[in-house]
Amino acid sequence: SERKHLYHLLGSIDLSDSKRAAYKISELGRIFSADNERTERAYHNLFERLEPYKYAPSVEPFTEEVIGYYRLYLEIIDV
């Protein structure tokens with residue numbers, strides 16, 4: 001299904017390029033955020049942590065905290 005395909009894309013983003021990954025996670029993650037209150041809250045928490053990686057000219061690699069929020073978000077999405 002399209003949903004499974006989008007979930008697979010969300011889960012296979014290359015995290016080594018944190019700036020590009022921040023944009024892709026935000027874009028694909030938004031699709032699942034409206035599923036329920038839990039995914040909406042988790043997406044909001046993740047989105048806030050991705051913001052600093054989007055707008056700086058050069059960015060550091062993701063922190064373990066950001067990666068943790070990303071993985072948690074993936075876990076709570078029903079596909």
Side-chain angles (χ1 to χ4, degrees):
S1 74
E2 180 71 8
R3 184 177 171 85
K4 283 186 179 179
H5 175 68
L6 292 170
Y7 179 80
H8 175 73
L9 291 177
L10 178 61
S12 59
I13 291 171
D14 178 8
L15 301 182
S16 66
D17 182 348
S18 53
K19 185 175 187 126
R20 181 174 295 197
Y23 278 104
K24 284 192 157 296
I25 292 168
S26 296
E27 178 188 338
L28 287 168
R30 185 175 295 116
I31 295 163
F32 302 97
S33 66
D35 287 359
N36 56 55
E37 192 177 314
R38 189 169 179 222
T39 54
E40 185 179 346
R41 198 167 46 245
Y43 176 75
H44 178 74
N45 288 334
L46 175 58
F47 187 84
E48 283 187 333
R49 284 162 179 82
L50 293 172
E51 286 297 283
Y53 294 92
K54 292 182 188 175
Y55 303 112
S58 63
V59 294
E60 297 293 314
F62 284 141
T63 63
E64 285 301 314
E65 180 189 32
V66 171
I67 293 170
Y69 274 89
Y70 168 66
R71 291 194 176 129
L72 173 67
Y73 189 58
L74 288 171
E75 284 177 25
I76 66 170
I77 295 171
D78 291 324
V79 284

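As the structure is a prediction and not an experimental result, all values here were calculated from the model.
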Practice task
Would you mind reporting whether Asn45 and Tyr73 have side-chain heavy atoms less than 4.5 Å apart?
Solution key: no
Exercise for the section: Would you mind reporting whether Leu46 and Leu72 have side-chain heavy atoms less than 4.5 Å apart? Expected result: no
Problem - Test item: Thr39 side-chain N/O and Ser33 main-chain N/O as donor-acceptor pair under 3.5 Å - result: yes
Handout entry: Spacing of Arg41 atom CZ and Asn36 atom CG [to the nearest 0.5 Å]
Key = 9.0 Å
Practice task
Find out whether Ile31 and Leu10 are in side-chain contact, i.e. whether some heavy atom of one side chain is under 4.5 Å from a heavy atom of the other.
Solution key: no
Handout entry: ILVMFWY network linking Tyr23 to Phe32, side-chain heavy atoms under 4.5 angstrom
Key = no
Per-pair distances, 0.1 Å, donor-acceptor, side chain in residues 55-69, under 3.5 Å, sequence neighbours excluded:
{"from": "Thr63", "atom 1": "OG1", "to": "Glu65", "atom 2": "N", "distance (Å)": "3.4"}
{"from": "Thr63", "atom 1": "OG1", "to": "Val66", "atom 2": "N", "distance (Å)": "3.2"}
{"from": "Glu65", "atom 1": "OE2", "to": "Arg49", "atom 2": "NE", "distance (Å)": "3.3"}
{"from": "Tyr69", "atom 1": "OH", "to": "Arg49", "atom 2": "NH2", "distance (Å)": "3.2"}

Practice task
Taking atom types as modelled, find out whether His44 and Glu48 have a side-chain donor-acceptor pair closer than 3.5 angstrom.
Solution key: yes
Practice task
Please collect all side-chain hydrogen bond (donor to acceptor under 3.5 Å, both in side chains) contacts where either partner lies in residues 3-15, sequence neighbours excluded, each pair once.
Solution key: Arg3-Asp35, Asp14-Ser16
Handout entry: Nearest heavy-atom neighbours spanning Leu50 and Ser26
Key = CD1-OG, 3.6 Å
Practice task
Count the heavy atoms of every other residue, nucleotide or ligand shown that sit under 6.0 Å from NZ of Lys19, and state whether that count exceeds 12.
Solution key: yes
Practice task
Treat each ILVMFWY residue as a node, draw an edge where side-chain heavy atoms are under 4.5 Å apart, and state whether Leu9 and Ile77 are in one component.
Solution key: yes
Problem - Partners passing salt bridge (Lys or Arg N to Asp or Glu O under 4.0 Å) against Glu51 (at least two apart in sequence or in another chain) - result: Lys54
Problem - Greater than 12 external heavy atoms within 6.0 Å of Glu37's CD - result: no
Problem - Salt bridge present between Arg71 and Glu75 (N-O < 4.0 angstrom) - result: no
